[in-house]
Q: 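I am attaching a structure below and will ask some questions about it afterwards.
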Amino acid sequence: QAVLLRILCHFAVMKAQLGSRVRVQGLQSKPKLNGEAGTVESWDGDMDAWEVQLDSGTLAVVKPENLELCDLPVQTATRVDDDWHSGVLSSTADWAVAMFGQDLKTPDGMRPTRQVLNGKRAVLVYFCDEWCERVSALTDGYLNQEGSDVEVVFVLSDHHVSPAAFQEFCADMPWVVFHGDEVALDKVMKRFNITVVPCVRVLRGTDGSVVCLNARTDIESREDFGTLLARWRL
């Protein structure tokens with residue numbers, strides 16, 4: 001009975017708050033998020049928590065008891081997190097330069113990050129290492145995507161791989177590759193709080209805000225990217 005009551009209570013909360021404007025309150029683990037407003041995006045059944053797109057650009061997973069309904073209007077994020085950039089963005093790709101560095105490795109060689117990612121509708125940051133299972137469906141989805149409004153940035157999460165092994169591992173990838181040093185890699189890993197791979201974070205191309213914490217399951221459904229972009233509200 002206790003389990004059934006818990007399920008019914010969660011269902012009631014979900015029905016009442018899906019799509020609602022909320023404010024974060026009472027968080028102990030991430031107190032700096034307290035007071036931030038956002039919009040409820042989806043329910044994470046594994047975590048028994050809401051995915052909330054905060055107005056600051058962060059996608060947070062928050063327990064129902066740490067949310068209160070509010071009527072604040074949506075505020076569009078105009079800054080990258082303070083760890084990356086301290087000023088107002090002057091270009092839709094400034095966030096990407098702050099995050100990935102000045103250049104990215106493409107199948108055609110090194111190119112400026114701003115040039116590669118500017119104007120993209122979505123940027124999928126794909127974290128993987130030498131030993132984990134690959135998200136093979138991502139390759140098909142990427143190659144079959146009509147147009148050029150989606151880009152994948154691959155990040156090899158292994159800190160100890162040799163340069164030769166890195167080049168071999170990434171040689172046949174159709175997308176761009178992050179090639180920062182260990183310090184830069186550590187910043188990216190911490191920025192996205194990556195603890196398990198493979199993982200595919202989905203970012204809004206205009207400002208770098210996270211719209212999906214891990215799109216692996218969505219991608220492995222092999223639905224076309226147009227359908228997935230609509231699901232991610234992009």
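We're numbering straight along the sequence, starting at 1. Computation of the quantities below employed the complete heavy-atom set of this structure, encompassing side-chain atoms and omitting hydrogens, waters and symmetry-equivalent molecules.
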Q: Looking at every non-hydrogen atom in both residues, tell me the closest pair between Val197 and Ser157 and how far apart they are.
A: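 Taking Val197 first and Ser157 second, the nearest heavy atoms are CG1-OG, 3.7 Å.
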Q: Please give me the minimum heavy-atom distance between Ala122 and Leu234, naming the atom from each residue.
A: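 That would be CB-CD1, 3.6 Å.
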Q: For residues 163-178, which side-chain donor-acceptor pairs fall under 3.5 Å, sequence neighbours excluded?
A:
none

Q: Taking atom types as modelled and ignoring hydrogens, do the side chains of Asp207 and Ser209 form a donor-acceptor contact shorter than 3.5 angstrom?
A: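 On atom types as modelled, these side chains qualify, holding a pair under 3.5 Å.
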Q: Asn66 side chain to Val24 main-chain N or O, any donor-acceptor pair under 3.5 Å?
A: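 Checked: no pair found.
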Q: To the nearest 0.5 Å, how far apart are CG in Asp94 and CZ in Arg114?
A: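 With rounding to 0.5 Å, CG (Asp94) is 4.5 Å from CZ (Arg114).
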Q: Got Phe192 and Leu203 here, is their nearest side-chain heavy-atom distance under 4.5 Å?
A: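 Yes, close enough: below the 4.5 Å cut-off.
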Q: In the structure I gave you, are the side-chain heavy atoms of Ile194 and Val155 within less than 4.5 Å of one another anywhere?
A: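 Not in contact.
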Q: Could you tell me the separation between the OG1 atom of Thr227 and the CZ atom of Arg231, rounded to the nearest 0.5 Å?
A: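 Answer for the OG1-CZ pair, Thr227 versus Arg231, is 7.5 Å.
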Q: Would you say Asp103's side chain and Thr113's backbone share a donor-acceptor pair under 3.5 angstrom?
A: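 Between the backbone of Thr113 and the side chain of Asp103 there is no qualifying donor-acceptor contact (under 3.5 Å).
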Q: With hydrophobic residues grouped by side-chain heavy-atom distances under 4.5 Å, do Leu27 and Leu69 end up in a single group?
A: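 Leu27 clusters together with Leu69.
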Q: Starting at CD1 of Ile219, measure out to CG of Leu228 and round the result to the nearest 0.5 Å.
A: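 CG of Leu228 is found 7.0 Å from CD1 of Ile219.
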Q: May I have the list of side-chain donor-acceptor pairs in residues 128-141 shorter than 3.5 Å, sequence neighbours left out?
A:
| unit_1 | atom_1 | unit_2 | atom_2 | d |
| --- | --- | --- | --- | --- |
| Asp129 | OD1 | Trp131 | N | 2.9 |
| Asp129 | OD1 | Cys132 | N | 2.8 |
| Glu133 | OE1 | Arg216 | NH2 | 3.4 |
| Asp140 | OD2 | Arg222 | NH1 | 2.7 |

Q: Keeping Arg201 on the side-chain end and Val210 on the backbone end, is there a donor-acceptor pair under 3.5 Å?
A: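 No, because the side chain of Arg201 does not come within donor-acceptor range (under 3.5 Å) of the backbone of Val210.
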Q: Is there a path of hydrophobic side-chain contacts, each under 4.5 Å between heavy atoms of I, L, V, M, F, W or Y residues, that connects Met189 with Val183?
A: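 No: no chain of side-chain contacts under 4.5 Å links Met189 to Val183.
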Q: Please report the closest heavy-atom contact between Val211 and Arg204, naming both atoms and the distance.
A: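 Nearest heavy atoms, Val211 then Arg204: CG1-NH2, 3.5 Å.
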Q: Under a 4.5 Å cut-off applied to non-hydrogen side-chain atoms, are Asp149 and Lys120 in contact?
A: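 A side-chain contact is absent here, since even the closest heavy-atom pair is not under 4.5 Å.
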Q: Nearest 0.5 angstrom please: Phe127 CZ to Asp158 CG, how far?
A: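 The CZ atom of Phe127 sits 14.0 Å away from the CG atom of Asp158.
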Q: Which heavy atom in Val150 sits nearest to a heavy atom in Phe225, and how many Å separate them?
A: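 It is CG1-CE2, 3.7 Å.
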Q: Go through the steps for Arg111 and Leu104 under the test side-chain contact (heavy atoms from CB on, under 4.5 Å), then give the verdict.
A: CA-CA 6 Å; Arg111 289 179 56 195; Leu104 288 167; over 6 Å; no
Q: With rounding to the nearest 0.5 Å, note down the distance linking CD in Glu223 to CG in Leu229.
A: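 Output value for this atom pair is 11.5 Å.
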Q: Can you tell me if Lys63 has over 12 outside heavy atoms packed within less than 6.0 Å of its NZ?
A: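 Correct, the count exceeds 12.
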Q: Enter the distance from Gln25:CD to Glu65:CD here, rounded to the nearest 0.5 Å.
A: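 Gln25 atom CD to Glu65 atom CD measures 10.0 Å (nearest 0.5 Å).
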Q: With heavy-atom distances below 4.5 Å as the criterion, would you say the side chains of Val116 and Phe100 are in contact?
A: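 The answer is no, as the side chains (C-beta and beyond) never meet within the 4.5 Å cut-off.
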Q: Check whether Val125 and Val61 end up in the same hydrophobic cluster, where Ile, Leu, Val, Met, Phe, Trp and Tyr are linked by side-chain heavy atoms less than 4.5 Å apart.
A: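 Linked, Val125 and Val61 end up in one cluster.
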Q: Can you find a pair of side-chain heavy atoms, one from Leu117 and one from Val153, that are under 4.5 Å apart?
A: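 In contact.
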Q: Strictly distance-based, threshold 3.5 Å: is any side-chain N or O of Trp95 a donor or acceptor partner for the main-chain N or O of Gly205?
A: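 Looks like yes, one N/O pair under 3.5 Å.
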Q: At their closest point, which heavy atom of Leu54 faces which heavy atom of Ala60, and how far apart are they?
A: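 Scanning both residues, the minimum pair turns out to be CD1-CB, 4.1 Å.
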